[in-house]
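Notes for the one structure printed next.
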Protein chains: 2
Amino acid sequence: MTLTSEKLTNNQKTVLDLLEKSKEPLKAYAILFDIQKKGIKAPLQVYRALDKLIEIGKVHKIESKNSYIACEHKNCDSSTSTSFLICETCDQVTELKKKNLSEYFAKQSVQANFKYAKHNLEIYGVCKDCKNKK
Amino acid sequence: MTLTSEKLTNNQKTVLDLLEKSKEPLKAYAILFDIQKKGIKAPLQVYRALDKLIEIGKVHKIESKNSYIACEHKNCDSSTSTSFLICETCDQVTELKKKNLSEYFAKQSVQANFKYAKHNLEIYGVCKDCKNKK
DNA sequence: ATATGATATGTTATATTATAACACTTTTTA
DNA sequence: TAAAAAGTGTTATAATATAACATATCATAT
């Protein structure tokens, strides 16, 4: 079974649906709170669903915010590397397509005699919308 | 008073000393455990020292590991942006000098109509030493 | 169709990481 | 040397995440 046709379980679907509807990244306990009406009662149920969704690349974790976000890319093969633009004003997150970034980091790593495997990049600043509002 | 001549308090010195001696990043509670003999008894004492050390750029946090590392650079002005090479085999961390990286990210951000402010970059892979051991 | 192995679930308990609140002390500076 | 700013010590608690275990469901190879 390919990644993209991966069948999700009910819990996984519930968590992914919520994340896909959300405009900002969500914390695990915020997810839990939101989906308690759907029968999910314990943190572990959320974390397990998140683990799986991350593994198949449907969700990414934003480490510096302990938050989770649905992947914007169709057929994202990236269960590992992630690159984000995070607006400090409105908390919106944009995921960067990562091919050129991975290549750039691999090159940078070579200079340090380091074998690149994957990366997390979190860029903070002001997004388009918030720039315009000022 | 300039950043580099900043005078540290006893707690701050104790925490920084430990981090500077360590070859790997340390977690806050590992720091606490190690320095209890020096009279530091509570997590908050560690976190407060870390906060200050991070603020003045002497220590950085590695977000994906909830760990802290002393800055390798003299007069590091970077209390904000950080870039690391993290060895998945031995956990050693190398801090990348960030000037060209910041410039690169600022450029990449412009393409998304995003105003770059700072970044965290965590590159995972295999370090020089571990590559050679294989 | 069914045994079996892999994966997921529900649940309770607990581990790990981090901060709030408050009274007090030390340092800096005007 | 008083006032402001920064740091300390302490207790309690919040926020984030995992362990352990019994049970259930699904995939698939005979």
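Side chains included, hydrogens not; waters and symmetry mates left out as well; all remaining heavy atoms used. Chain naming here is simple, since letters A, B, ... match the order of the sequence lines and numbering starts at 1 in each.
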(request) Round to the nearest Å and state the distance from Asn66(A) atom CG to dA14(D) atom P. (result) 18 Å
(message) If the cut-off is 4.0 Å, is Asn11(A) near the phosphate of dG10(C), judged by side-chain N/O to OP1 or OP2?
(response) yes
(request) Can you tell me the distance, in whole Å, between the NZ atom of Lys7(A) and the C1' atom of dA6(C)? (result) 16 Å
(request) In sequence, state the C-alpha distance, the side-chain angles, and the governing distance for Glu103(A) and Lys107(A), and then conclude on salt bridge (Lys or Arg N to Asp or Glu O under 4.0 Å). (result) CA-CA 6 Å; Glu103(A) 282 164 8; Lys107(A) 252 186 242 163; over 6 Å; no
(request) Examine dA17(D): is either OP1 or OP2 under 4.0 Å from a nitrogen or oxygen in the side chain of Tyr47(A)? Give yes or no. (result) yes
(message) Side chains of Lys131(A) and Asn113(B): any donor to acceptor distance under 3.5 Å?
(response) yes
(message) Does dT9(C) have OP1 or OP2 under 4.0 Å away from a side-chain N or O of Gln45(A)?
(response) no
(request) Answer yes or no: does atom NZ of Lys61(B) have more than 12 heavy-atom neighbours from other residues, nucleotides or ligands under 6.0 Å? (result) yes
(request) Could you tell me whether the side chain of Gln12(A) and the main chain of Thr9(A) form a donor-acceptor pair under 3.5 Å? (result) yes
(request) Take Lys65(B) and Asp91(B) through the test salt bridge (Lys or Arg N to Asp or Glu O under 4.0 Å) and record every step on the way to the result. (result) CA-CA 10 Å; Lys65(B) 296 175 88 74; Asp91(B) 284 331; 3.4 Å; yes
(message) Quick one: does any side-chain atom of Gln45(A) pair with a main-chain N or O of Ala42(A) as donor and acceptor, under 3.5 Å?
(response) yes
(request) Figure out the CG/P separation between Leu44(A) and dT9(C), and round it to whole Å. (result) 10 Å
(message) Just to verify, which of Leu16(B), Leu50(B), Leu19(B) counts as forming a side-chain contact (heavy atoms from CB on, under 4.5 Å) with Lys58(B)?
(response) Leu16(B)
(message) For a quick check under 3.5 Å, do Ser81(B) and Tyr124(A) share a side-chain donor-acceptor pair by atom type?
(response) no
(request) Rounded off to whole Å, could you give me the CG-to-P distance for the Leu53(A) and dT7(C) pair? (result) 16 Å
(message) Is any side-chain heavy atom of Tyr116(A) closer than 4.5 Å to one of Ile123(B)?
(response) yes
(request) Output yes when at least one side-chain N/O atom of Lys52(B) is less than 4.0 Å from OP1 or OP2 of dG7(D), else no. (result) yes
(request) Would you kindly give the CG-to-P distance between Asp51(B) and dA6(D), to the nearest whole Å? (result) 14 Å
(message) Tell me the interatomic distance from Lys13(B), atom NZ, to dT26(C), atom P, rounded to whole angstroms.
(response) 15 Å
(message) Whether the Ser22(B) and Tyr68(B) side chains hold a donor-acceptor pair (N or O, under 3.5 Å, no angle test) is what I'd like checked.
(response) no
(message) Tell me which residues in residues 27-42 of chain B lie within less than 4.0 Å of DNA chain D, going by non-hydrogen atoms.
(response) Lys41(B), Ala42(B)
(request) Please state whether the phosphate of dT16(C), meaning OP1 or OP2, lies under 4.0 angstrom from any side-chain nitrogen or oxygen of Lys65(B). (result) no
(message) Please confirm whether the shortest side-chain N or O distance from Thr9(B) to OP1 or OP2 of dT27(C) is below 4.0 Å.
(response) no
(request) Send over the distance from Arg48(A) CZ to dT12(C) C1', rounded to a whole Å. (result) 12 Å
(request) May I ask you to list the residues of residues 15-26 of chain B, by number, that have any heavy atom positioned under 4.0 Å from an atom of DNA chain C? (result) none
(message) Just the rounded figure in Å: distance from C1' of dT16(C) to NZ of Lys61(B).
(response) 12 Å
(message) If you count heavy atoms of other groups shown closer than 6.0 angstrom to NZ of Lys128(B), is the number above 12?
(response) no
(message) Using OP1 and OP2 only, check whether a side-chain N or O of Tyr68(B) sits under 4.0 Å from dA18(C).
(response) yes
(message) Can you give me the bend angle of the helix from dA1(C)-dT30(D) to dA30(C)-dT1(D)? Use the axis through the first five pairs and the one through the last five, nearest 10 degrees.
(response) 40°
(message) For a quick check under 3.5 Å, do Glu95(A) and His60(A) share a side-chain donor-acceptor pair by atom type?
(response) yes
